[in-house]
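First the structure, in the form of structure tokens, and then the observations on it.
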Amino acid sequence: MPTTTDRTNDFALKIATVNGTGSASANGLLMQAIFRMGIPVSGKNVFPSNIQGLPTWYEIRVNHRGHVARTPRFDLVVAMNNATYERDIRELQPGGYVLYDSSWPLPTSLVRDDVTLLGMPLAQMCVDAFRDGRERLLMKNIAYLGALTALLDVDISVVDTLLEEQYGAKKALLESNHRALRMGREYALKHFDCPLPLRLEAMPRSDDWILIDGNTAAAMGCLFAGATVGAWYPITPSTSLMDAFRGLCARYRRDPVTGKNRYLVLQAEDELAAAGMVLGASWAGARAFTPTSGPGISLMSEFIGLGYYAEIPGVFFDVQRTGPSTGMPTRTQQGDLLLTAYASHGDTKHIVLYPADPGECFTMAVQAFDLAERFQTPVFVLSDLDIGMNDWVCRCFHWDDAYRPDRGKVLGPEQIEKMQAFYRYLDADGDGIAARTYPGVHPKGAYFTRGSGHTKLGTYTEDAAEYQEVMERLARKIASAAEAVPAPIVERRPGASFGVVSIGSCDGAVREALDLLAERGIVADYLRVRGFPFHPSVEEFLLAHDVVYVVEMNRDAQLRSLLALETDMPKTRMRSIRSWGGVPLSADVVVEGILESLVEVHA
Amino acid sequence: MPTTTDRTNDFALKIATVNGTGSASANGLLMQAIFRMGIPVSGKNVFPSNIQGLPTWYEIRVNHRGHVARTPRFDLVVAMNNATYERDIRELQPGGYVLYDSSWPLPTSLVRDDVTLLGMPLAQMCVDAFRDGRERLLMKNIAYLGALTALLDVDISVVDTLLEEQYGAKKALLESNHRALRMGREYALKHFDCPLPLRLEAMPRSDDWILIDGNTAAAMGCLFAGATVGAWYPITPSTSLMDAFRGLCARYRRDPVTGKNRYLVLQAEDELAAAGMVLGASWAGARAFTPTSGPGISLMSEFIGLGYYAEIPGVFFDVQRTGPSTGMPTRTQQGDLLLTAYASHGDTKHIVLYPADPGECFTMAVQAFDLAERFQTPVFVLSDLDIGMNDWVCRCFHWDDAYRPDRGKVLGPEQIEKMQAFYRYLDADGDGIAARTYPGVHPKGAYFTRGSGHTKLGTYTEDAAEYQEVMERLARKIASAAEAVPAPIVERRPGASFGVVSIGSCDGAVREALDLLAERGIVADYLRVRGFPFHPSVEEFLLAHDVVYVVEMNRDAQLRSLLALETDMPKTRMRSIRSWGGVPLSADVVVEGILESLVEVHA
Amino acid sequence: MTTSIPKPKVRHPGLPKNAIGLTHRDYEGAVSTLCAGCGHDSITAAIIRAFWELSIPPHTVAKLSGIGCSSKTPAYFLKEAHGFNAVHGRMPSIAAGAAAANRALTLLGVSGDGDSLSIGLGQFCHAIRRNVRVVYILENNGVYGLTKGQFSASADVGSKAKRGEANRNPPIDPVLLALTLGATFVARSFSGDKAQLVPILKAALTHRGFAFIDVISPCVTFNDHEGSTKSYRFTREHAREVVHADLVPLRGEITASYAEGATTDVRMHDGTVVRLRKVAPDYDPTDRDEAYAYIRERQRSGEVPTGLLYLSPDTTDMHEVEKTVDVPLMSLAHEELCPGSAALDALMAEFR
Amino acid sequence: MTTSIPKPKVRHPGLPKNAIGLTHRDYEGAVSTLCAGCGHDSITAAIIRAFWELSIPPHTVAKLSGIGCSSKTPAYFLKEAHGFNAVHGRMPSIAAGAAAANRALTLLGVSGDGDSLSIGLGQFCHAIRRNVRVVYILENNGVYGLTKGQFSASADVGSKAKRGEANRNPPIDPVLLALTLGATFVARSFSGDKAQLVPILKAALTHRGFAFIDVISPCVTFNDHEGSTKSYRFTREHAREVVHADLVPLRGEITASYAEGATTDVRMHDGTVVRLRKVAPDYDPTDRDEAYAYIRERQRSGEVPTGLLYLSPDTTDMHEVEKTVDVPLMSLAHEELCPGSAALDALMAEFR
Ligand SMILES: Cc1ncc(C[n+]2csc(CCOP(=O)(O)OP(=O)(O)O)c2C)c(N)n1
Ligand SMILES: Cc1ncc(C[n+]2csc(CCOP(=O)(O)OP(=O)(O)O)c2C)c(N)n1
Ligand code: SF4
Ligand code: SF4
Ligand SMILES: [Mg+2]
Ligand SMILES: [Mg+2]
């Protein structure tokens with residue numbers, strides 16, 4: 001029988017089930033329990049684009065040093081789906097464990113002699129313990145959770161509390177869960193060598209940490225930023241953002257006296273309409289946003305160009321998924337970097353924010369509204385499925401009550417009244433930004449918003465010089481946003497021999513990789529871009545390094561392309577490391593990518 | 001009175017009128033007459049996005065050396081629109097001439113003492129000569145044409161022939177035209193010093209030349225390439241392409257026996273539908289195309305991604321117009337270079353052809369179908385308003401009857417029958433291109449076309465490796481098209497000290513500029529890109545020059561960006577020269593741009 | 001046919017003033033750049049008239065449109081109102097967004113048959129379904145004017161193009177469509193009939209919800225010839241007013257008396273009464289199905305029934321459906337929207 | 001409820017064969033991945049049945065769909081037919097293109113209520129208008145299944161979501177919409193009623209033009225609860241068949257005799273006769289306006305009228321309207337399409 005070294009608080013496991021069978025709640029409980037034990041943890045839900053009956057996985061990684069990027073190296077597999085047995089067992093590390101349902105024998109062809117099989121007649125046990133068919137199915141999940149509490153040494157009282165919090169009111173359900181949990185736990189304690197070397201040990205816990213997904217966090221940002229109009233068309237993986245916003249509004253945006261809503265969410269007929277609603281609402285003076293994903297951005301392209309040229313704010317969340325076209329809607333990727341930077345026909349350029357985790361989804365959502373209104377232009381927040389839909393351990397969010405929305409240059413009735421005449425597109429302050437007015441406010445503030453050629457006075461034109469004057473100002477305006485977008489996070493390390501640049505949800509894996517490389521004596525500086533147009537310090541960082549590795553999650557090295565286009569860094573000095581199959585980046589890819597390249601260079 | 005040097009067959013004139021008043025036909029007659037006199041000529045119609053009552057200009061340039069790019073330096077203005085008198089007279093070269101309607105006095109404020117005023121009571125003359133109100137309006141145009149025949153020494157018999165050809169059947173109309181023409185001509189002969197130094201002199205004429213607009217030429221390409229399905233939504237400046245196609249089909253595509261149509265043109269409800277129709281028809285085995293402009297491409301973005309990923313051919317003509325959003329629909333630009341190269345979300349890249357004149361619209365339309373079917377992907381033909389809607393003097397088109405459409409790898413029933421099994425996305429030949437089958441042909445040829453994740457066998461997948469395998473092949477496939485797209489036109493000149501690169505309708509102005517520079521001893525090599533992904537010789541050319549000037553018509557130097565992204569040429573060695581206000585490029589811009597930059601470099 | 005030519009600097013003390021002291025000129029806009037004789041210009045004139053008569057302060061209005069000759073017209077009226085010339089066919093979503101943000105605005109949407117029935121058909125239908133409060137005018141000429149005369153989706157079968165070719169696809173009738181989709185205010189008029197159109201516009205402006213007005217508006221340049229079914233002549237000959245709307249203002253009184261059954265009164269949300277005078281006494285313009293059947297029947301006999309054809313006695317607009325606060329959302333202060341740090345701290349506890 | 005599980009390698013000699021020697025299994029596809037009990041799977045079964053009964057060679061069919069649970073189903077039938085799973089809501093344009101290219105294909109489109117009535121509404125309406133020859137099935141469950149249960153545009157007012165919240169926007173009724181737009185074949189059925197659905201499908205397959213079938217198809221996961229008006233139970237209780245279609249094949253003969261006025265026979269282009277048995281004897285399913293009025297009336301009394309509700313006796317599909325050649329355009333040889341060099345040379349003369 002194979003052995004493993006002690007792996008306390010440092011391992012990864014994978015739970016393979018079938019979607020629609022209720023495993024999500026058991027998996028979430030495990031994740032939460034580990035979180036409450038104070039141990040750094042991450043959970044990645046790998047689910048199909050389907051409602052019921054297809055393979056789904058939940059991957060958990062714990063790491064006491066805080067490295068919780070996805071790893072493809074699993075030490076334990078909870079194999080509950082015989083359709084994926086082969087793959088699940090194959091992907092296990094030597095010395096790993098398989099917890100499986102022994103109600104049916106495991107095909108011998110799958111048996112590996114370098115892993116430990118832990119069979120447990122889960123289905124049978126549930127048939128014996130529960131009456132109702134649906135309950136038997138659901139409780140199987142809680143039973144394997146029970147077994148895991150024993151195998152991994154999960155603090156059972158934490159799980160009990162969680163169940164209490166979740167089902168407190170529903171007594172019967174609570175009782176079934178308790179029973180299934182205990183049943184699984186006891187079976188494991190009795191039949192297996194518990195705990196395994198892969199065990200958990202509580203760590204000091206602080207209130208400073210929360211467990212949250214990026215879409216919920218972004219919705220909170222919209223709430224706190226004062227967004228009142230949300231328009232959307234459902235699309236994975238952005239749907240939960242609007243669900244969360246509606247949930248939050250139901251709690252925080254009811255007028256205490258009348259019970260009426262201080263928000264309006266419009267389920268649009270499609271993404272084109274959602275974009276139009278956002279522009280219409282922003283134009284009329286509300287903070288408005290839409291959550292979508294790649295296909296939605298493609299459909300919104302025409303309206304985005306209108307927003308750019310007619311200078312209408314709007315916040316567009318693109319929770320990226322894999323692929324061109326429909327692609328793999330339940331997989332993650334960073335494939336819309338080029339699209340969002342230059343969306344729509346003609347000369348355009350847009351402000352884009354790149355959150356790396358739910359914490360930044362919250363803060364950047366707020367910043368997005370401020371930037372959109374300050375620069376009077378559509379702003380994208382480019383999240384992805386991994387950030388948006390998975391639960392992440394984050395620092396607690398804080399709010400500064402001194403925050404006041406930056407509504408940009410909006411003239412009120414008194415200001416308009418005082419003016420000789422109001423001209424919508426006149427750059428009075430020399431900063432590329434012209435003042436705007438809301439409809440309904442003052443007769444002298446009226447102007448004609450249009451996507452066709454207009455002069456700086458706001459009148460229609462087909463004259464080259466007049467047209468160019470406005471377009472040149474727009475170029476200046478967007479360029480000036482480089483200083484206003486969040487600066488990159490830069491980490492310089494003494495003795496660094498090259499730089500690494502990454503973006504968004506790559507962050508964790510890159511940081512882990514840099515630590516691993518440092519252990520081997522290979523030291524690198526690190527920069528994570530957080531906004532577009534790039535902050536000047538991005539170019540500085542690039543130029544300061546002979547070689548920079550650009551790590552990202554798409555096939556075509558889109559970040560590297562953007563950097564090549566928008567900075568003076570020669571492309572030849574930027575090497576690309578990519579992972580784009582739909583699963584979150586892992587440190588291995590980065591370490592291997594850099595090592596291979598270093599070898600090549602020295603060969 | 002100012003004098004001008006002899007400018008025989010070398011001058012430019014501008015006719016300023018009001019749209020909807022029938023000046024187009026008079027202007028066209030002048031242009032055609034000059035063409036028939038064998039003199040190199042170009043005509044640019046500068047019209048408003050409006051149907052009636054707004055200023056419109058027709059610019060004609062003749063140049064015996066064949067330089068007929070637009071010039072902003074006019075030697076003669078036919079000022080028929082008092083709303084634009086000021087501007088029209090201002091834009092005249094010193095020593096130039098103004099032909100105006102002296103039925104009303106010219107405001108003295110407009111009088112310049114360095115130009116010659118030629119007043120002629122046109123309106124009055126027409127009121128006297130014609131009865132009907134509409135006729136009086138229309139014949140005014142023919143009357144100024146008559147005057148111009150005298151002033152410029154146009155061969156009047158050529159004009160007579162043209163009138164005969166046009167109105168031969170309509171006797172009354174012909175008579176009116178003749179009368180107006182003579183009236184104008186005689187007035188000029190009597191009152192002015194005819195001909196002016198700006199005069200025309202017939203040149204040896206060959207049958208090798210034709211006068212044609214790019215949209216008509218592209219429609220001919222579609223006809224000859226065997227396109228049977230056209231789908232479109234009207235949009236300036238692409239509309240006339242489909243009009244021409246329908247006109248040609250009415251002549252060439254009626255079944256001689258039944259009188260039924262061998263083509264089907266679908267006026268779609270919008271551009272999204274037009275794109276879908278093209279993909280549906282191509283998928284089912286027809287050659288299908290759609291003409292549109294920038295806003296249409298934005299709207300088609302989602303479908304373009306589907307075409308890319310599901311590997312469905314389709315030909316998309318983008319006749320570019322000015323601006324993001326609605327912009328200036330009746331002005332020209334090259335603003336969709338980046339968009340068409342990478343349209344749609346996720347990792348995509350498309351084949352794009354860049355015609356420079358109607359001749360290439362014809363040939364490239366044919367090539368586009370071949371490339372689309374060979375590479376099984378959407379192909380763009382990126383023309384522009386100037387090429388598409390203006391009449392150009394071109395070499396006569398020829399057709400090689402040996403041409404057979406390259407339908408790409410399409411399996412017929414016999415081939416399918418012989419196969420063990422058919423897999424749609426299997427790269428059997430190692431060239432990145434998998435064979436396809438048409439629906440309805442053979443049971444074993446059936447497969448499921450989809451924009452969602454699929455394996456090389458054509459089955460649905462959410463697996464990273466399987467997904468990536470197909471996407472990697474797609475990248476290879478499109479990259480391999482670099483050798484198949486039309487190679488650039490390269491002109492190397494002994495002693496060249498730098499290179500110039502341009503695209504599309506910039507060609508004429510750049511060539512003229514290079515000649516002008518050469519006259520000053522500044523010699524440059526020249527390359528015009530004709531396809532994307534760039535032919536390998538593009539990179540070679542770039543790298544062979546320390547400095548390359550990239551000349552294009554958009555604000556953001558999109559061609560330079562594409563070159564920076566797709567070749568190893570350092571961006572710093574590519575200097576940008578741009579003209580993007582909506583009027584066609586003129587040589588001055590290029591000459592000045594290069595001279596300024598050379599001065600800077602040497603300063 | 002009227003072309004509005006404002007002369008902004010000149011005061012005309014003699015011009016009649018409305019209840020808020022404004023003259024007709026104060027409701028005008030820039031000089032029209034449409035073809036002389038275009039039906040759209042007459043609609044512009046009717047709009048100016050209706051707003052003036054209702055004494056609506058121009059700056060409380062927002063004028064929205066798509067792209068097309070028709071969609072240019074908002075530049076030609078109410079110069080003191082904000083205008084929004086959106087992208088082709090997508091004005092309804094702009095309207096929904098603007099209405100969401102500021103329910104106090106009076107929204108006037110102007111569109112064309114290409115704009116609303118082809119590229120924008122989906123948005124048009126969904127704006128009806130959402131009952132966005134907007135007066136939505138479809139300037140219907142059976143062609144795409146701005147792109148030079150292609151048939152639109154409202155062109156009748158057999159109607160001839162200028163060059164003679166006949167349309168062969170069945171028309172989308174926006175009135176029947178609106179009725180089918182549950183629109184709460186459905187009218188059809190003719191640009192050449194200001195006497196009919198102005199009262200309809202006024203009634204529409206008092207309607208709480210989507211007020212749809214299809215106006216046959218001949219395109220003199222591309223669709224006013226013999227053989228066209230959207231020409232001035234054809235429309236004059238075939239239009240039959242079946243319901244005439246009169247507005248009885250809040251404190252007003254209509255003194256004329258009508259024959260029994262010849263009128264139906266509908267009280268609007270603001271108390272205004274719309275009095276519907278009917279040509280067919282047994283026709284009930286507040287019954288959607290009857291309206292539908294009646295219109296179809298008349299159409300079969302070659303007529304183009306016009307007037308305020310259907311008016312729903314009760315209607316809940318988007319804001320009522322969504323139970324939003326009574327004040328414009330855009331007017332809410334940050335304090336009314338942001339829960340603040342204490343609330344966030346409390347919320348955070350739920351994620352621990 | 002049937003899930004199609006083809007076992008391609010196994011031959012079942014005992015299975016009944018149709019006129020072209022194929023068994024039911026030959027019309028199946030891949031194993032369904034929909035939720036057990038999903039209405040869509042029953043429609044799949046009905047499709048398999050109808051094609052088998054009509055002995056249509058599977059490979060002469062093209063299956064088209066958009067995106068959604070419903071749009072996945074073409075993978076589950078007719079494995080020997082090409083399938084095209086397009087983008088969300090845009091299948092009608094793919095259908096128009098495919099029909100244009102190859103008029104010999106039998107096109108079957110499958111869509112959902114989200115797909116056809118929200119994002120794809122414009123395309124859906126225009127495909128009707130164009131009378132593209134396609135059997136168009138709308139698998140109508142009142143929700144977006146694939147994105148987990150949001151209300152679709154066909155959700156009735158008051159119908160409850162799983163979490164209890166009631167829909168407040170009026171529904172778009174695709175049958176009324178299709179009638180209004182001049183659809184030539186309009187039916188409504190219920191996934192749970194194969195006896196009704198199979199003959200409708202067969203009739204649709206003989207129709208030359210756009211044959212529209214709205215099928216109420218409950219979503220067991222998100223919209224089959226108490227309070228939903230698209231549940232199995234609600235539909236069973238409220239559906240009323242008003243017209244039953246029987247297909248009298250070319251050389252067939254229906255022997256059963258019916259009461260006077262109880263049937264209407266419609267002869268299709270290929271000679272097949274569709275015999276419409278009517279519940280209401282005075283109802284004429286070939287009269288569009290009567291059908292519309294009748295459906296509205298029944299709906300007001302809470303019923304869901306089903307059956308082949310309207311069938312236009314004469315219809316010209318897109319190809320007839322456009323006067324294209326009888327053979328598929330995609331089958332024309334290069335020589336039949338390319339005018340050749342002599343023609344070009346002649347043409348060039350016109351540009352000199
Ligand atoms: C996306 C897009 N496609 C096409 C066009 C070109 N276009 C401008 S107006 C128009 C049709 C206008 O017709 P209609 O709405 O009936 O207005 P009308 O001019 O007849 O009043 C079209 C197709 C455009 N502006 N945008
Ligand atoms: C452009 C785009 N927007 C959104 C989606 C997400 N999406 C997939 S299916 C669907 C709705 C499906 O509803 P319906 O058509 O009713 O099918 P059902 O699943 O109910 O059968 C949506 C919104 C998408 N795939 N593409
Ligand atoms: S083209 Fe037609 S619709 Fe447009 S302005 Fe002229 S008359 Fe009016
Ligand atoms: S979610 Fe609903 S529609 Fe989708 S497969 Fe399941 S039951 Fe069917
Ligand atoms: Mg129109
Ligand atoms: Mg549905």
Side-chain angles (χ1 to χ4, degrees), chain A residues 207 209-212 220 223-226 228-229 231 252-253 255 258 260-264 266 268-270 272-286 288 302-303 306 396-401 403-405 437-443 445-452 460, chain C residues 57-64 67 74-75 78-88 90-102 104-105 122-123 125-126 129-130 318-319 322-326 328-332 334 336-341 343-345 347-349 351-352:
Chain A
D207 265 4
W209 296 96
I210 55 170
L211 191 65
I212 195 167
M220 284 184 193
L223 177 77
F224 278 75
T228 51
V229 177
Y252 297 104
R253 287 283 188 78
D255 184 291
T258 62
K260 288 188 175 176
N261 296 326
R262 286 180 179 155
Y263 71 99
L264 205 164
L266 290 159
E269 56 272 29
D270 59 19
L272 294 92
M277 290 167 180
V278 167
L279 295 185
S282 299
W283 173 78
E302 191 195 20
F303 256 137
L306 175 71
C396 190
F397 303 169
H398 294 287
W399 187 253
D400 179 359
D401 287 322
Y403 168 85
R404 284 295 166 278
T437 57
Y438 296 143
V441 166
H442 193 286
Y447 69 100
F448 215 78
T449 303
R450 49 160 82 78
S452 45
Y460 181 82
Chain C
H59 79 278
T60 63
V61 181
K63 312 168 293 186
L64 313 171
I67 300 282
L78 269 64
K79 60 183 166 302
E80 289 182 345
H82 272 60
F84 195 143
N85 196 193
V87 289
H88 193 27
R90 315 289 174 193
M91 175 264 281
S93 60
I94 297 286
N102 187 352
L105 284 176
Q123 294 216 341
C125 294
H126 280 273
R129 192 174 161 252
R130 225 168 255 126
M318 181 180 71
H319 278 285
E322 301 290 343
K323 300 195 177 55
T324 40
V325 288
D326 300 333
L329 289 174
M330 57 78 76
S331 72
L332 295 172
H334 179 62
E336 296 173 277
L337 300 173
C338 179
S341 64
L344 183 63
D345 294 344
L347 185 58
M348 283 297 104
F351 294 88
R352 279 195 194 105

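Since the structure is predicted, the reported quantities are computational estimates derived from the model, not experimental observations. Letters A, B, ... mirror the listed sequences (proteins, then strands); counts begin at 1.
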Option in [options] with maximal non-hydrogen atom pairs under 4.5 Å from chain C:
options                                : answer
A/Ala275, A/Gly445, A/Ala231, A/Ala288 : A/Gly445
A/Ala274, A/Gly226, A/Gly276, A/Gly451 : A/Gly276
A/Gly440, A/Ala225, A/Ala446           : A/Ala446
A/Arg450, A/His442, A/His398, A/Glu269 : A/Glu269
A/Leu223, A/Thr437, A/Thr228, A/Leu264 : A/Leu264

Shorter than 4.5 Å, heavy atoms on both sides: which option in [options] has the most such pairs with chain A?
options                               : value
C/Ala104, C/Ala101, C/Gly122, C/Gly83 : C/Gly83
C/Ala99, C/Ala343, C/Pro74, C/Cys125  : C/Pro74
C/Arg129, C/His88, C/Lys323           : C/Lys323
C/Pro339, C/Cys338, C/Ala96           : C/Pro339

Nearest-0.5 Å distance that lies between atom [atom1] in [X] and atom [atom2] in [Y]:
X        : Y        : atom1 : atom2 : answer
A/Trp209 : C/Met348 : CH2   : CE    : 13.5 Å
C/Arg352 : A/Asp207 : CZ    : CG    : 4.5 Å
C/Leu344 : A/Asp400 : CG    : CG    : 11.5 Å
C/Thr324 : A/Arg253 : OG1   : CZ    : 13.0 Å

Which atoms of [X] come close to chain C, meaning under 4.5 Å heavy atom to heavy atom: side chain ones, backbone ones, both, or neither?
X        : value
A/Trp283 : side chain
A/Ser282 : neither
A/Leu272 : both
A/Val278 : neither

[Y] side chain reached by [X] side chain, heavy atoms, under 4.5 Å:
X        : Y        : answer
C/Ile94  : A/Phe303 : yes
A/Tyr252 : C/Leu347 : yes
A/Leu306 : C/Arg90  : no

Contacting moiety of [X], where chain A heavy atoms sit under 4.5 Å:
X        : value
C/Ala81  : backbone
C/Ala349 : neither
C/Leu329 : both
C/Leu78  : neither

Fill in: Backbone of A/Phe448 reached by a side-chain donor or acceptor of C/Asn85 within 3.5 Å
no

Can you name the closest pair of heavy atoms from [X] and [Y] and give their distance?
X        : Y        : result
C/Glu336 : A/Arg262 : O-NH1, 3.2 Å
C/Ser93  : A/Ala273 : CB-O, 3.4 Å
A/Asp401 : C/Gly340 : OD1-CA, 3.4 Å
A/Tyr403 : C/His334 : O-NE2, 3.4 Å
A/Phe397 : C/Asp345 : O-OD1, 4.5 Å

Please verify the inter-ring angle class for A/Tyr447 with C/His82; under 30° counts as parallel, over 60° as perpendicular, anything in between as tilted.
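Taking C/His82 first and then A/Tyr447, their aromatic rings stand perpendicular (interplane angle over 60°).
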
task = Quick one: do C/His319 and A/Lys260 satisfy side-chain contact (heavy atoms from CB on, under 4.5 Å)? Show the steps, please.
result = CA-CA 10 Å; C/His319 278 285; A/Lys260 288 188 175 176; over 6 Å; no

